[in-house]
There are 2 protein chains.
Amino acid sequence: MTVTEPTGRRERKKLRTREALISSAFELFARKGFEATTVEEIADAVDVSSRTFFRYFASKEDVALTFQEEQHAALLAALAARPADEPIMTALRRTVVGIARACEQGEQGFDPDRFQCLQSLMASSSALLASSLEHSQKKQADLTRAVADRMGLDPATDLRPHVVAATAICTMNAAADAMRAGVLGDACLAETADRAFAILDEGWDPPRA
Amino acid sequence: MTVTEPTGRRERKKLRTREALISSAFELFARKGFEATTVEEIADAVDVSSRTFFRYFASKEDVALTFQEEQHAALLAALAARPADEPIMTALRRTVVGIARACEQGEQGFDPDRFQCLQSLMASSSALLASSLEHSQKKQADLTRAVADRMGLDPATDLRPHVVAATAICTMNAAADAMRAGVLGDACLAETADRAFAILDEGWDPPRA
DNA sequence: ACGACAGATGTCAGTACATGACACTTTGGG
DNA sequence: CCCAAAGTGTCATGTACTGACATCTGTCGT
């Protein structure tokens, strides 16, 4: 009965179609922008119908967010790999900075071009930014669970893990934002994020340089 | 040349139409949900064409977000009114908690029914949640400026105000989230937010109860 | 090798959001 | 009272997305 291992020609074909759609989508997005690219164009470029596109992705935004999906998975994995005796915020800081570096340097299978592409798309398309933020919010629940585990707390009754996870994610977002605005000159995301977490550590009140 | 003071019958009529649209929109949203309510229905209820609806609001989400717009304005105003020698996070905490209370108790012209309605709509409509988060993100820039002013820092070159503003907003969002999940029993948003900011103050590491 | 079944795709029709163009009505000022 | 400006309605259009149904194509049992 072998439960039908998912390794046939059909599955491979599906995978290829999916990758092809993502690939042509990013190419078109980079060339014409997010809004100006229609689903039909993406589908045509892979020679499938737009109806098929929507069988692979729930929305036009969704195809761009596959990147963030991977980012998120990598983040959870990296967090799990950090030493258990590390203070929670330190662990999160190292994890976030590590993922940022991976995205920018193309480590761990991340495509730095797509990463940069996505960064500029987010700046120009509010629909995409909105979806991205929603995605982060949804995934924040996972992070909250992971954080709660690590701290030995129950997320159903303790606010602490919620606040910690939210702080980590928003610090990352704030760093991305600040980087786009060039607040730290042309520092990369990893550096900016590291500085942002440092501010969390040092406290906000002693800003007297 | 009096620059045409904006106080004629025309302006009043516009205002009334706008309020009527918002009002019927919330009513329909509350009754049928966000997605299930069409723009045409909202417009019909006020006896205008859907085209006119879009002359007042950029999108269906926009009409629901008028509430948040007011929240945001009130937040900035309340922050400006806090004593200048208060530590920044304390000022933000008091401000956020104050607005939360106002929304829930119906002070300062806020309609608690609409507030509760919006809370549950956000939980059920991802499109609305996404727009709301985008709105917060956009408005975060204003808060960053205000925070920078208060701290005497330049937001164009200093990360600190960005991190502080982001932390304040995400703490508020986390509180709203946790409240919907009932983490603190049936505590109201104001209480939950206050507890969340307290965690920020106490630090995350000493969770050993 | 063949045939049946399941899953993937295409086609078609339809809904809803959003926007531009243009004509018509109302309002306010001279 | 008439004119210009502002507000609105109607129509046409484009795009995202979905349901229904027909068709094609791997997969698997015999």
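This structure is a prediction, so every number in the text was calculated from the model and none was measured. First the proteins, then the strands, lettered A, B, ... as listed; each starts at 1.
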Per the salt bridge (Lys or Arg N to Asp or Glu O under 4.0 Å) rule, what does the pair list look like for residues 69-81 of chain A, sequence neighbours excluded? A:Glu69-A:Lys139
By salt bridge (charged side-chain N to carboxylate O under 4.0 Å, His left out), A:Glu107 pairs with (sequence neighbours left out) none
Quick one: side chain to side chain donor-acceptor pair (under 3.5 Å) partners of A:Ser59, sequence neighbours excluded? A:Glu61
Separation between CE of A:Met179 and CG of A:Leu189, rounded to the nearest 0.5 Å: 5.0 Å
Among residues at least two apart in sequence or on other chains, which ones pass salt bridge (charged side-chain N to carboxylate O under 4.0 Å, His left out) with A:Lys138? A:Glu134
Check nucleotides 3-6 of chain D for protein N or O atoms closer than 3.5 Å to its own N or O atoms and list the pairs.
| unit_1 | atom_1 | unit_2 | atom_2 | d |
| --- | --- | --- | --- | --- |
| D:dA5 | N3 | B:Arg10 | NH2 | 3.4 |
| D:dA6 | O4' | B:Arg10 | NH1 | 3.3 |

Please list, by residue number, the residues of residues 31-60 of chain B whose heavy atoms come closer than 4.0 Å to an atom of DNA chain C; answer none if no residue qualifies. B:Thr37, B:Thr38, B:Val39, B:Arg51, B:Phe54, B:Arg55, B:Ala58, B:Ser59, B:Lys60
Those residues at least two apart in sequence (or on a different chain) that pass side chain to side chain donor-acceptor pair (under 3.5 Å) with B:Ser23 are none
ring-ring contact (aromatic ring centres under 6.0 Å, His included) pairs touching residues 118-144 of chain B, sequence neighbours excluded, are none
Taking only N and O in the side chain of A:Lys13, is any of them less than 4.0 Å away from OP1 or OP2 of D:dG26? yes
Any salt bridge (Lys or Arg N to Asp or Glu O under 4.0 Å) involving residues 22-50 of chain A? Give me the pairs, sequence neighbours left out, ordered by first then second residue. A:Lys32-A:Glu41
